[in-house]
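All figures in this text were calculated on a predicted structure; none of them were measured in a lab. Position 1 is the first residue of the sequence; numbering continues from there. Numbering of ligands and ligand atoms starts at 1, following listing order.
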Amino acid sequence: MQLLQLLLPLLVLVCIPLTIAFEIQDTLNIIHDVDVIARAVRSHIEDLGAKTGDTDINNIQDNHNNVLEHFKAVDKLINQARMNYSHFGTHIVESISDFIVDDVLATIQINEITHAINKISMRYDQIVAYEARKESLEINTLISFAEWAALPSAESVQHSMERLGFTLFGRIQNATDFKPTSRILVNRIMKSYEESLQQRCSTRLSPQQFLYSLYAEIALIELKGYTLMEFSTMILRVSDLGNFINETELFRLNHKKRTEHALNVLRHEMQQADRSFWRCDPPEHVAKVTYDEVTRLLQGYIENEDGLNADRTCKRTCDAYQDTRVSGCISDSFCSSQPQCSGRVHDCRFIDSKMWVCQSPQMSTRRYEYIQYENGQDLGHRKACGRGTNKVDSWWRWLFWHCSFCFCLCDEQSTKSDRYFNLRETVSDVEANKVVTGVRIIKKNRIFHLQIQQGQLLPRGVINESTVHWKPVHDYYISGWNVKQGVDYHAMSYHSRAIDLGDVDNRNDVSFVVTGVQFVLINGKLKLRVVFSKFDFESGKVMGSDWLSIRTISGEQLNLQNLDIPTLSGASSKVLSNGYQHLKFVNTGVQKDAAQTTIPFIDIQDVVASHSTPLHGIGIYYKGTPGYGGFIAPKIINYDYSPHIGMPITQP
Ligand SMILES: *[C@@H]1O[C@H](CO)[C@@H](O)[C@H](O)[C@H]1NC(C)=O
Ligand SMILES: *[C@@H]1O[C@H](CO)[C@@H](O)[C@H](O)[C@H]1NC(C)=O
Ligand SMILES: *[C@@H]1O[C@H](CO)[C@@H](O)[C@H](O)[C@H]1NC(C)=O
Ligand SMILES: *[C@@H]1O[C@H](CO)[C@@H](O)[C@H](O)[C@H]1NC(C)=O
């Protein structure tokens, strides 16, 4: 019998599209690429069917070689796809057992998955090896391999694929009335990942990205299994062992059902998954490398009442001076041996009459290392004093009036006070189809900037990794020609030092991506403004039309009173802001640090995930540890891929 006759019914079968719900055009790239390769596999099988019709059934060796030739072409595609997704990380499944340790059942299931993956991979590698030595193989070697792989048994590839799908995504459900279940493994993996700070810090992927990467690894394995099944069946067929039409039909149907179910589960889980990515504390806080500071915004300052009023009297108490200036200095008093506060003086209070003051080195942004009062109270951490302490005594004037030394806060714009925030807009090179992929805060010329990382957007939500770079920030000085406060930059002061916390996104519209950022000043408060551009998912083309967003509600104020220097904390920071809040830059605690440091500090680490995605939004948040001043930092919210999870539209 001619083989063609055997194969004809199969060819007809291939062309009948199976009815599948939720078919979409703009699928995620991994789904699209795998589908393209699976279709290539089927087209090779069809070709083989057509060709083997002419070949001699008595020369099975040639038939085998012919099948392996075609397999080789597919293997090349699969390898290419593996290379294309290699930046996703190759050991995602392995890494799961690192953070799911408390869940015994999940641990067992992960082992099962690993086992199934290894089995499929090993079989696949074996046929690759056979292909390489095809001229020197016994006919029976390939036949028994194909039987082993394709015929039903606990060792078959199909069985491994079923185990893999069942363990990870649960029992196959009818797509039309799909009901998510929370007990399935993929959901528990996602939840554990979300909660495992350590894993998120080291993997550097948002939970949604993690799921996506996990799926990419599984989908490529599934593709190998699928390819093996098709080619193994073909080997049996060209060995004249039957036509396996009904088996193939059943296998394809099951495969499609499994894929569809997996995609339904994946879409559901990805809709739930957190999409934000932020940086954990570095192993060690390093000034100007991992963090930077607003300096000398409000700083503890000792001044005698005599110098706090224009009349130079001592008729009142320290508390009376809440917003004043220094009017002068009595020559042999302490004020003559310290730099005078040239700005406004706020919030004065009386602590004790006599004290020893340890002044900081000239270059320091601190005024005092610590202050030791006669009544035993210390402000700041007492240590060896390099410049020697000054003894500071309050005095009586004509027996009636006590000229007390007050402890105040100095708000002084000087060369030692970096308190500036860039207000100019920063946008990505949209004309080169570049979008924002990451952000960080940097201090340049004493001005804090939100810097963007940008990359070329390719079709299906992919960023061209070789184009990703940091766009240089605006290079200007506050003293520059035509540079204006309130226009180009904001200078913080006692009355204007708040920053809004929270996320700025384009609500739920997945047709926009982030293409720019800006700090804006509204009612004296810094707010984040984000620029969005419309884009086409399938082609990746970014349109020019921009859509801007500023969050206008500003929630409650976080309390940063009486905290210590953030970098002195031994514990690692936790996110302490949630959603809509704001904070004011403030001095550290009077007792803890003599109010010498401005908090919070600013985390300046790069906020970029380990593989780039376009962004759905950007946020500013606050993190820290109890008792310490903490850090503010930006975070990114990756583009929502969940609407793009579905079966690709069946091609005619
Ligand atoms: C891999 O990426 C290249 C470049 O983007 C693309 O041309 C090719 O089709 C991809 N290959 C596969 C198998 O997905
Ligand atoms: C799936 O559900 C639909 C509608 O509820 C039904 O028509 C169809 O027969 C079901 N398919 C299977 C395989 O159960
Ligand atoms: C395939 O199944 C049909 C019935 O569903 C049967 O009539 C046919 O003989 C089977 N074909 C082979 C080759 O076993
Ligand atoms: C990615 O960027 C590189 C460098 O600019 C470029 O040569 C390459 O063509 C880009 N890839 C695609 C798929 O556009």
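Within the listing of ligand 4, atoms 1 (C), 2 (O), 3 (C), 4 (C) sit less than 4.0 angstrom from a heavy atom of Ser466. Counting the atoms of ligand 1 from 1 in the order shown, those under 4.0 Å from a heavy atom of Leu77 are 13 (C). Within ligand 1, the atoms closer than 4.0 Å to a non-hydrogen atom of Ala81 are 13 (C), numbered from 1 in the order shown. For ligand 4, the atoms lying closer than 4.0 Å to a non-hydrogen atom of Asn464 are 1 (C), 2 (O), 3 (C), 8 (C), 10 (C), 11 (N), 12 (C), 14 (O). Residue Asp33 has at least one heavy-atom neighbour below 4.0 Å for each of these atoms of ligand 1: 14 (O).
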Start with the C-alpha gap between Glu131 and Lys134, add the side-chain angles, then the distance that decides, and say whether salt bridge (Lys or Arg N to Asp or Glu O under 4.0 Å) holds.
-> CA-CA 5 Å; Glu131 191 284 318; Lys134 57 180 176 290; 2.8 Å; yes

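Note: Phe210 and Phe277 fail the aromatic proximity criterion, with ring centroids not under 6.0 Å apart. Within the 6.0 Å centre-distance limit, the rings of Tyr639 and Phe535 are counted as a close aromatic pair.
Formation of a donor-acceptor pair under 3.5 Å by the Thr515 side chain with backbone atoms of Ser428 is not found in this model.
Among protein heavy atoms, the minimum distance from atom 9 (O) of ligand 1 is reached at Gln80 OE1, 4.2 Å. Atom 14 (O) of ligand 4 has its closest protein heavy atom at Leu458 CD2, 3.6 Å. The single protein non-hydrogen atom nearest to atom 6 (C) of ligand 1 is Asn84 ND2, 4.1 Å, given as residue, atom name and distance.
Less than 4.0 angstrom separates atom 4 (C) of ligand 1 from none of the non-hydrogen atoms of the protein. For atom 11 (N) of ligand 4, a protein non-hydrogen atom is found at a distance below 4.0 Å.
Sparse packing is recorded around NE2 of His115, with 12 or fewer heavy atoms of other residues, nucleotides or ligands lying under 6.0 Å away.
Among the candidates Phe145, Tyr130, Phe71, the single residue satisfying the ring pair (Phe, Tyr, Trp, His ring centres under 6.0 Å) test with Phe231 is Phe71. Between Asp429 and the choices Lys471, Lys434, Gln456, the side-chain hydrogen bond (donor to acceptor under 3.5 Å, both in side chains) rule is met once, by Lys471.
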